[in-house]
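Each ligand, and each atom within it, is numbered from 1 in the order the structure gives. These numbers come from the heavy atoms of this one structure, side chains and all, not from hydrogens, waters or symmetry mates. Treat the numbers as computed from the prediction; the structure is a model and nothing was measured.
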Amino acid sequence: MIERINIGIFGKINAGKSTLMNVITMQNTSLVDEKKGTTSDVNMSIMEIHEMGPVKLFDTPGLDEEELLGEKKKPFC
Ligand SMILES: Nc1nc2c(ncn2[C@@H]2O[C@H](COP(=O)(O)OP(=O)(O)OP(=O)(O)O)[C@@H](O)[C@H]2O)c(=O)[nH]1
Ligand SMILES: [Mg+2]
């Protein structure tokens with residue numbers, strides 16, 4: 001199995017994490033919306049980054065989701 005560097009994208013709700021993920025991967029694998037709390041589970045994408053090699057990228061739910069479904073989602077983060 002190929003060894004990959006893990007890269008997580010963390011931040012507050014609606015900060016643009018999924019947008020950043022899609023820009024980096026040049027794909028639309030993460031759902032983007034103006035609504036808060038769009039990402040409910042961690043999304044993973046694999047790719048190669050120049051001069052870094054194989055990586056695993058993780059798009060995550062907002063860190064400040066307590067008022068939404070944050071507590072239920074934490075075990076998946
Ligand atoms: N103006 C501006 N809007 C942005 C930028 N990045 C993302 N957005 C917008 O902000 C909103 C939220 O973007 P997402 O990428 O879904 O944000 P997120 O952090 O993944 O959101 P959650 O999954 O809900 O935590 C969308 O309407 C995006 O189009 C940016 O750099 N500038
Ligand atoms: Mg998101």
Side-chain angles (χ1 to χ4, degrees):
M1 190 161 44
I2 303 172
E3 206 168 304
R4 293 180 181 273
I5 295 170
N6 294 321
I7 301 173
I9 301 174
F10 303 98
K12 292 185 175 179
I13 300 175
N14 230 23
K17 303 178 297 297
S18 299
T19 303
L20 178 63
M21 174 86 160
N22 290 341
V23 168
I24 294 171
T25 60
M26 292 190 285
Q27 293 174 25
N28 282 321
T29 48
S30 281
L31 187 62
V32 168
D33 197 273
E34 61 191 22
K35 203 169 156 191
K36 291 182 175 181
T38 301
T39 304
S40 56
D41 296 308
V42 176
N43 296 320
M44 192 267 289
S45 199
I46 57 172
M47 63 178 296
E48 299 235 355
I49 295 181
H50 186 58
E51 293 193 0
M52 187 178 270
V55 302
K56 265 187 196 174
L57 272 170
F58 296 90
D59 179 25
T60 64
L63 292 170
D64 52 341
E65 271 205 68
E66 275 72 17
E67 78 275 19
L68 297 171
L69 288 171
E71 288 305 316
K72 280 189 180 176
K73 292 174 185 175
K74 272 181 185 166
F76 299 98
C77 293

For [X], is at least one N or O under 3.5 Å away from an N or O on ligand 1?
X	value
Pro61	no
Thr60	no
Asp59	no
Val32	no
Ser18	yes
Leu31	no

Nearest neighbour in protein (non-hydrogen) for atom 11 (C) of ligand 1 | Asp33 O, 3.7 Å
Which residue owns the protein heavy atom closest to atom 8 (N) of ligand 1, what's the atom, and how far is it?
-> Thr19 OG1, 4.3 Å
Which of the numbered atoms in ligand 1 are under 4.0 angstrom from any heavy atom belonging to [X]?
X	value
Lys36	24 (O)
Gly37	24 (O)
Gly62	25 (O)
Ala15	19 (O)

Kindly report the OG-the Mg ion (ligand 2)-OG1 angle for Ser18 and Thr39 respectively, rounded to 10°.
-> 90°
Nearest to atom 27 (O) of ligand 1 by heavy atom, Lys17, Lys35, Glu34, Met21: which?
-> Glu34
Protein non-hydrogen atom found under 4.0 Å from atom 20 (O) of ligand 1 = yes
Please indicate, with yes or no, if any protein heavy atom is found under 4.0 Å from atom 31 (O) of ligand 1?
-> no
Side chain to side chain contact (heavy atoms under 4.5 Å, CB included) partner of Leu57, the single match among Ile5, Ile7, Ile46, Leu20 = Ile7
